[in-house]
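For reference, the structure is listed below as structure tokens.
So you know, we letter chains A, B, ... as the sequences are listed, proteins then strands, and number each from 1.
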2 protein chains.
Amino acid sequence: MATNISTKLLYAFVALKETRHFTRAAERCHTSQPAFSAMIRKLEEAAGTRLFERDTRNVTLTPEGKLFSEVARSLIADTEAAFDDMADYVARRRGRVSIAALPSLAARALPAIIAEYRRLYPGVAVSLHDALSDQCLALLRQRKADLVLTAPGANFNEFDSRVLGSDPFYLVCRRDHPLAKKRRIRPGDLAGHEIVHLAKSSSVRQYADILLRDVAAVHSGFEVEHLATVAGLVEQGLGVSLVPQLTLFQFRLLDLAAIPLASQEQTRPILVVTRKDETLSIAAQGMLELIEKHVKPVEE
Amino acid sequence: MATNISTKLLYAFVALKETRHFTRAAERCHTSQPAFSAMIRKLEEAAGTRLFERDTRNVTLTPEGKLFSEVARSLIADTEAAFDDMADYVARRRGRVSIAALPSLAARALPAIIAEYRRLYPGVAVSLHDALSDQCLALLRQRKADLVLTAPGANFNEFDSRVLGSDPFYLVCRRDHPLAKKRRIRPGDLAGHEIVHLAKSSSVRQYADILLRDVAAVHSGFEVEHLATVAGLVEQGLGVSLVPQLTLFQFRLLDLAAIPLASQEQTRPILVVTRKDETLSIAAQGMLELIEKHVKPVEE
DNA sequence: GTCAATTACGTTCTCCGTAAGGATG
DNA sequence: CATCCTTACGGAGAACGTAATTGAC
């Protein structure tokens, strides 16, 4: 029933239709003339009727050949379009990639990566969501994001995740603060100091809380949403804060001191999270490679 | 460049997409599982990328596979539609055939043939033009007719023509006319009788003129367009006429006498005329076969 | 007699099926 | 350890190219 038709036969048909000459059509198809005859014969068998009327002198389309002629053109065009499209996606001349990332990553690390990506693959549409971890994962679940950059949290079993790098914590304080003179900070050093906190929903806060678990720090009473606000409060001497390296740009703007924590274990891992058992699109793979290229050197 | 893609590969793709299982998809394609794997591999090579992500447990579409999936469906559908259409034309479930014929043929012989054709092939659109010979040939030239039934005339070299049968001439007259008692008429018998003529543009007239070339017949002064008018005039005793057998029905309606001419050579050949070096459509071939089946027995 | 499509025929190559291999849960 | 996709391999059939044949002008 389902006769097997190959594009080769369609190309042969079009070549013969246009040349009206077996020998020349065979040349155009890079094949010998008898082989070409066989292809036409095979196509005619599939069609169930002669498509060309021919003798040794003339080759003309039959009425059925004329009917087939119109459709053959569009079959070829559609097939070529399909594979050309596919080649565009493979070459990242077309496509789409959507990233969701923590605000700290979205603001600082990602823009340069995205800029390079767009330079390499201008045809691919890139979208970026900056959101807190839970919302990033929700976007991933809803397929509104392909890649998520975040720090570890609860319920990551649902996804695939890989460590991209780790983001060490720093103490930030005024340059005239007593702790500003230290080269390294241990959590215990913070005992008795007022701490400006981010909201509990932020991943930075969750890691900071772990760091401060056994420390008698004084809560400043400030618990704000944005790092820029933390920076403003710290600059006014209203407290110090613990933030990851990737957010330091916010504090450097105000000429605050940033001192690394002594313990290297006290870092916030940065993960790339994807949906489980699903392949990244080629566009997204390219983005991931670029992210790894940029982030890895920062870590080591 | 032009990669050769066969429908077989597209069917394999769809089968695997729907079953998500190589072994079952292979069964659906009536092939062994390794052969099926090879087909998928070949399609992926043509696409330039993996279309399925698979391990021993799961088979899922890649993002590129999803893209291809949509287009594969329509490629298959278009190809099937093309060949199904062709099968319809071959089986004369669809198509078109246009006949142009002399009025005498169109009125009497053809309706029954066309009726049978429509019964056999109800899907084929049949059109019929009744016109004089020159106009029939003009329709053929303009491709508004596929088949012409007419009598020989000038400039038939432009076309292909075949004799279908021959239409012997009859004398028609009132039953009380002196000639009505004869069993056979020779042209000479008409000497002195008034003749009712068709217009000179008709093929009947042209053959009648040849028959009367050497006869001192009296022109009645009537030269009319339609056979029905000839019949009316003859019925009123205003003359006799010479007409081919196929037109006699017009005269029998009025209970007139019709006597065959003695000389069998004095017949009007009936030709089927087609365009030179062009194939008849399958629909038209069927019509021609039916015409030959009906006309041949009349002749012999 | 020449040009061109078809047929004949031997070779090559692709495709297929069986059987073994390997990965995964 | 059972499932199932892949690789290996040998054989069958298709496709191809060269050469001979047929046919039309």
Side-chain angles (χ1 to χ4, degrees), chain A residues 2-47 49-62 65 157-160 275-279, chain B residues 2-47 49-62 65 157-160 275-279:
Chain A
T3 57
N4 186 28
I5 297 300
S6 65
T7 52
K8 191 177 50 173
L9 298 183
L10 298 178
Y11 284 112
F13 175 86
V14 170
L16 185 55
K17 175 200 154 186
E18 291 180 355
T19 60
R20 302 165 95 80
H21 196 284
F22 274 71
T23 307
R24 281 193 280 279
E27 282 167 14
R28 187 197 283 192
C29 293
H30 310 294
T31 187
S32 73
Q33 191 274 327
F36 185 86
S37 276
M39 291 197 292
I40 296 296
R41 178 163 18 94
K42 190 178 170 194
L43 186 64
E44 287 179 331
E45 278 165 17
T49 184
R50 281 256 155 148
L51 300 174
F52 294 95
E53 198 56 38
R54 64 265 202 185
D55 51 30
T56 58
R57 203 55 60 174
N58 288 301
V59 176
T60 56
L61 282 169
T62 61
N157 295 349
E158 181 185 350
F159 303 104
D160 274 349
R275 283 184 292 275
K276 212 164 202 167
D277 299 325
E278 281 192 33
T279 323
Chain B
T3 56
N4 186 28
I5 297 299
S6 64
T7 52
K8 191 177 50 174
L9 299 183
L10 298 178
Y11 283 113
F13 175 87
V14 171
L16 185 54
K17 175 198 154 189
E18 292 180 355
T19 61
R20 304 165 94 81
H21 197 285
F22 274 71
T23 306
R24 282 193 280 278
E27 281 167 17
R28 187 197 286 193
C29 292
H30 310 292
T31 187
S32 72
Q33 191 274 326
F36 185 86
S37 277
M39 292 197 291
I40 296 296
R41 179 165 13 96
K42 190 179 169 194
L43 186 65
E44 287 178 332
E45 278 164 17
T49 183
R50 281 257 156 148
L51 299 174
F52 293 95
E53 198 56 38
R54 62 265 203 185
D55 52 30
T56 57
R57 202 57 59 176
N58 289 303
V59 176
T60 56
L61 282 170
T62 62
N157 295 349
E158 181 185 351
F159 304 104
D160 275 349
R275 284 183 292 276
K276 211 164 203 166
D277 299 326
E278 281 193 31
T279 322

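- Residue pairs meeting the salt bridge (charged side-chain N to carboxylate O under 4.0 Å, His left out) criterion with at least one partner in residues 51-61 of chain B, sequence neighbours excluded, are B/Glu44-B/Arg54.
- Within the 4.0 Å cut-off from OP1 or OP2 of D/dC16, at least one side-chain nitrogen or oxygen of A/Lys8 is found.
- Side-chain contact check for A/Ser37 and A/Gln33: at least one donor-acceptor pair (N or O, by modelled atom type) lies under 3.5 Å.
- Remark: B/Asn4 CG to A/Leu9 CG distance equals 7.5 Å, nearest 0.5 Å.
- Between the side chain of A/Thr19 and the backbone N or O of A/Arg24 there is no donor-acceptor pair closer than 3.5 Å.
- Rounding to the nearest 0.5 angstrom, the gap separating the CD1 atom in B/Ile5 from the CG atom in A/Leu10 is 12.0 Å.
- B/Phe52 is not listed as a side-chain neighbour of B/Asn58, based on a closest heavy-atom distance of 4.5 Å or more.
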Between the protein and nucleotides 23-25 of chain D, list every N/O to N/O distance that falls short of 3.5 Å.
residue : atom : partner : partner atom : Å
D/dG23  : N2   : A/Thr56 : OG1          : 3.2
D/dA24  : O4'  : A/Thr56 : OG1          : 2.8
D/dA24  : N3   : A/Arg57 : NH2          : 3.3

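- Between the side chain of B/Thr62 and the main chain of B/Arg50, a donor-acceptor pair closer than 3.5 Å is present.
- Looking at B/Phe22 and B/Ile40, their side chains come closer than 4.5 Å, going by heavy atoms from C-beta outward.
- Nucleotide D/dT6 holds its C1' atom 13 Å from the CD atom of B/Glu44, rounded to whole Å.
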Taking only N/O atoms, report every protein-nucleotides 7-14 of chain C pair under 3.5 Å with atom names and distance.
none

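- Atom OH in B/Tyr11 sits 11.5 Å away from atom NE2 in B/His30 (nearest 0.5 Å).
- Computed from coordinates, the A/Glu45 CD to D/dA14 P distance equals 11 Å when rounded to whole Å.
- B/Met39 has its CE atom 10 Å from the C1' atom of C/dC16, to the nearest Å.
- Sorted by residue number, the members of residues 14-32 of chain A with any non-hydrogen atom under 4.0 Å from DNA chain D read A/Thr31, A/Ser32.
- Distance check, rounded to the nearest 0.5 Å: CG of A/Leu43 to NZ of A/Lys8 gives 11.5 Å.
- The backbone N or O of A/Lys276 lies less than 3.5 Å from no partner atom in the side chain of A/Asp160, so there is not a single donor-acceptor pair.
- Rounded to 10 degrees, the angle between the two end axes of the helix from C/dG1-D/dC25 to C/dG25-D/dC1 is 30°, with five pairs used at each end.
- In this structure the side chain of A/Thr60 never reaches within 4.5 angstrom of the side chain of B/Asp277, judged on heavy atoms.
- Atom-to-atom, CZ of A/Phe36 to P of D/dT18 comes out at 17 Å; the value is rounded to the nearest Å.
- Taking B/Glu18 as the reference, B/Arg28, B/Arg73 meet the side chain to side chain donor-acceptor pair (under 3.5 Å) condition, with sequence neighbours excluded.
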